[in-house]
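Heavy-atom basis, side chains included; hydrogens, waters and symmetry copies ignored.
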Amino acid sequence: MALMTACWKICVAVMLSQVIAVAAQSGYITSNDGYVTGTVPQALSLTVSFSNGVAAPGDTITVSFNTNIFTGSAPAVSADVGLWSTWQATANSITGKYAGTGALSGSMTVEISGTGVFDNLPAPGDVQVTASSTDNGGGTGGDTGTPGSIFQIVPAPTITLSSADMYEGTAPTGLMISLTSPETMEAGQTVLFTSSAGVLKAGMTTGATESGTVLTSYMTISSTTFMAVIAQRIDAGDVFSIAFDATLLEELPTSPGNVTFDFDMGAPITRKIASDTEGFGTILVFDPTSGFVGTLTSANGFVEGTTAPEGLFLTANFPQGVATAGDTVTFILNKNFFTGGAATVSTSVGSWSSWVTNFKTITGTYAGTGLLQGPISIDITGTGVFDTLPSAGPLTLTATAADNGGGTGGDAAGTPVAIFYVIAPPTFYLDTWHYTPGGQPMYLELSYVIPEFMNNGFTLEISADRDWINSLQNTGVTITGFTVASYASITNQLFRVSLGAAVNGGATAYFKFEEPMIRFLPSPPGDILFDIQTISPGPTVRQIVKDIVGITVMPTTTTPPGAVGGDPVTWFGNLRAEFDLPLHQLTTLLRTPDMEVAAAPFAGWNGDQWIGRLAIKSASGKPVLQIDARKDLRDFDRSLLLDGDFDTMDFGVGDPGQCAFDTNKFVHPSGIHAAWNRAADCTFERFRACTEVVVIVGQYAKLLIESAPAREMYGGVDAHA
């Protein structure tokens with residue numbers, strides 16, 4: 001999309017202060033994406049000048065930056081003078097070792113490139129360099145330089161579109177562009193803005209305004225290209241803005257999608273400032289074949305039964321329309337949406353005397369005097385107008401027009417069209433062996449119905465009011481239901497994904513968060529509330545889900561339903577029942593279609609029985625796992641453990657040669673999964689064993705097995721059951 005496709009290069013001139021004044025320093029990078037923070041350059045050219053330079057093999061030259069530029073990987077370097085044995089880079093410098101035999105001073109140019117050599121450009125700000133040389137051979141070389149500015153790293157330009165709506169074909173009222181200059185641009189230099197789709201009226205030379213008089217000779221060369229000449233010097237780091245009013249703007253593109261921008265310096269020096277900057281996109285598409293569009297405004301999203309929305313925007317097509325005062329139009333929904341109260345309605349066309357709601361309909365009475373036909377849009381608001389959102393499913397729209405005055409208006413109801421979906425609450429499933437603070441889930445599944453059309457380039461955000469993921473991760477998530485361009489965790493609470501293609505409402509979005517994305521459960525216990533929203537170019541934020549309970553962190557003292565442990569005791573709901581088992585022999589506790597669980601207790605404190613052994617078998621009777629509580633823990637000494645030893649358990653795997661092992665988990669040939677870990681509160685003290693947890697997952701049951709200390713029974717003695 002770039003206006004200029006020729007490769008351009010940035011040369012950095014770094015001059016030592018004792019040779020050439022700091023003012024002579026300049027610099028450029030080679031990058032397809034310009035100077036924008038976060039982008040990666042392709043190459044860097046440095047021109048340095050030395051008074052004494054290098055004199056013998058082993059002497060070095062170094063160019064240092066005030067910020068990180070490189071990754072530290074070995075660069076590919078070519079120099080126009082001298083013989084050099086090695087070039088090495090650190091995050092903020094590059095050093096060359098001289099291999100020649102004679103003195104070398106004066107000017108030299110080095111070209112730096114290579115895959116993986118350059119880091120992402122750092123935060124916006126001034127980039128300075130210092131050049132020096134070191135005489136390591138006792139010769140006449142050696143120079144010390146002073147820092148000098150060469151260019152600016154800049155933020156992405158900001159683009160703001162003003163428009164009553166974002167329908168394709170709609171005429172916007174204004175476009176504001178603001179950008180930071182990465183280097184000094186002198187009067188007479190040209191700048192060009194290039195868009196990926198036509199947004200400007202070609203051939204216009206007026207209508208643009210700016211902050212300060214820095215540009216002149218405006219011209220829209222084409223619907224995608226704007227050029228201006230710099231009227232007065234713009235220093236590196238200066239911010240300048242330009243606004244395009246309605247006289248300069250075309251209607252929004254007639255196909256949905258994002259409009260992106262490139263920014264270039266033109267003749268006499270051609271360089272890129274920024275590339276593929278996100279601009280705006282068509283958000284709503286008016287389909288003339290159906291004639292119906294609807295958009296919900298709701299702080300609580302699209303979930304059934306939630307608080308009444310704040311607004312509803314509807315568009316319907318009326319081929320015959322209304323002709324005389326007293327004619328009516330009626331918008332018809334398939335579900336109860338209104339309370340019947342008076343609504344505040346603004347319309348796109350026509351004069352209307354009243355608007356009346358009646359649960360599924362809203363009717364407007366025409367007050368004009370001429371024929372009105374075609375699309376009519378209404379924006380409905382008002383306190384007490386909307387009911388709570390109806391049951392999950394598509395919300396459809398059709399419309400009629402009634403000719404009550406003997407004119408030529410009137411339309412019958414057309415085929416209902418789904419305008420968006422009211423959705424059921426998202427479903428969450430947390431797979432973990434430890435639901436208390438510090439527990440490390442194996443995965444979290446989330447699914448929900450996408451309520452409305454999302455276009456290519458839209459952003460979807462899933463956030464929570466507490467930590468639930470690890471920040472700055474871009475792996476460990478499976479996503480289905482739509483095409484993904486990229487995803488990443490922005491913070492411990494915010495996950496963001498960019499769409500790679502359009503998706504219609506009604507599709508099911510599915511997410512599976514695993515390591516390294518999923519995070520241990522936070523403290524204190526309680527519910528973790530989730531929000532889901534979309535952000536479309538413009539930007540426009542659309543709330544999908546608000547404050548939905550996704551994860552419940554349990555108190556450490558809570559025994560989950562169906563658990564066995566301690567006395568022994570079992571729970572079912574709020575019912576608690578103690579029971580006894582034959583000591584020192586295995587007794588079946590649980591049998592499902594795919595596994596059998598047996599336990600052998602030993603005598604505990606004050607008549608209690610404590611489980612000392614658990615044995616799990618497959619449905620065919622093959623051993624899966626045997627777990628024994630260790631009995632020697634009064635003398636526990638962590639320094640005596642071998643790598644991989646458990647603190648409190650002995651562990652035996654059935655048929656290990658046929659099991660698929662992966663670090664701290666395995667899959668038995670029968671399909672039963674097992675995983676284990678220490679509790680998150682383990683402090684790894686030398687003489688104190690840590691609680692350990694094993695989880696067994698079958699098709700029909702999940703077992704949580706946890707070692708428990710017996711200190712509370714013995715007044716603080718470090719004994720373990």
Side-chain angles (χ1 to χ4, degrees), residues 1 38 156-170 172 175 195-197 199 252-261 276-287 293-303 309 311 313 315 394-395 418-423 426 446-463 474 477-491 494-511 513 530-546 548:
M1 187 191 76
T158 58
I159 300 165
T160 305
L161 184 76
S162 299
S163 179
D165 55 52
M166 298 296 288
Y167 287 124
E168 59 179 9
T170 299
L175 175 66
S195 59
S196 60
V199 297
L252 293 181
T254 55
S255 60
N258 296 329
V259 178
T260 58
F261 288 77
D276 289 336
T277 302
E278 192 72 43
F280 51 85
T282 303
I283 295 173
L284 298 174
V285 182
F286 181 77
D287 182 358
V293 171
T295 304
L296 183 70
T297 302
S298 174
N300 294 301
F302 289 77
V303 176
F313 182 88
T315 296
L395 189 75
I419 53 176
F420 57 79
Y421 285 73
V422 179
I423 64 174
L446 162 63
S447 63
Y448 72 96
V449 173
I450 297 171
E452 60 181 350
F453 172 81
M454 295 192 298
N455 210 345
N456 177 26
F458 275 34
T459 298
L460 179 70
E461 291 188 342
I462 303 173
S463 60
N474 58 11
V477 184
T478 301
I479 304 174
T480 62
F482 58 89
T483 302
V484 175
S486 63
Y487 69 80
S489 53
I490 309 304
T491 67
L494 175 61
F495 174 79
R496 182 176 295 160
V497 56
S498 295
L499 272 69
V503 60
N504 289 318
T508 298
Y510 168 84
F511 300 82
F513 299 91
F530 282 79
D531 291 357
I532 303 174
Q533 64 182 19
T534 59
I535 303 175
S536 52
T540 298
V541 178
R542 308 275 294 146
Q543 196 72 41
I544 306 302
V545 169
K546 181 70 174 176
I548 295 292

If you look at every heavy atom in [X] and [Y], which pair is closest and at what distance?
X      : Y      : answer
Ile423 : Val449 : CG2-O, 3.3 Å
Gly311 : Leu296 : O-CD1, 3.7 Å
Tyr448 : Phe511 : CE2-CE1, 4.0 Å
Ala507 : Gly481 : CB-O, 4.1 Å
Ala509 : Phe482 : CB-CE2, 3.9 Å
Thr459 : Ser498 : OG1-OG, 4.1 Å

Using the six-membered ring wherever Trp is involved, compare the ring planes of Tyr487 and Phe495 and label them parallel, tilted or perpendicular (cut-offs 30° and 60°). tilted
Start with the C-alpha distance between Val422 and Phe302, add both sets of side-chain angles, then the distance that settles side chain to side chain contact (heavy atoms under 4.5 Å, CB included), and finish with yes or no. CA-CA 5 Å; Val422 179; Phe302 289 77; 5.8 Å; no
Looking at [atom1] of [X] and [atom2] of [Y], how far apart are the two atoms once the value is rounded to the nearest 0.5 Å?
X      : Y      : atom1 : atom2 : value
Glu461 : Arg542 : CD    : CZ    : 15.0 Å
Glu452 : Asn504 : CD    : CG    : 11.5 Å
Gln543 : Thr297 : CD    : OG1   : 12.0 Å

I'd like to know whether Leu460 forms a side chain to side chain contact (heavy atoms under 4.5 Å, CB included) with Ile532, so could you lay out the CA-CA distance, the side-chain angles of the two residues, the decisive distance to 0.1 Å, and finally the verdict. CA-CA 7 Å; Leu460 179 70; Ile532 303 174; 3.7 Å; yes
Would a 4.5 Å heavy-atom cut-off, applied to side chains only, mark [X] and [Y] as touching?
X      : Y      : answer
Leu446 : Phe530 : no
Ile544 : Thr534 : yes
Leu494 : Ser463 : yes

Show your working on side chain to side chain contact (heavy atoms under 4.5 Å, CB included) between Ile450 and Tyr421 and close with a plain yes or no. CA-CA 8 Å; Ile450 297 171; Tyr421 285 73; over 6 Å; no
Could you please spell out the steps behind the side chain to side chain contact (heavy atoms under 4.5 Å, CB included) verdict for Phe513 and Ile462? CA-CA 12 Å; Phe513 299 91; Ile462 303 173; 4.2 Å; yes
Is there a donor-acceptor pair closer than 3.5 Å between any side-chain N or O of Thr260 and the backbone N or O of Ser196? no
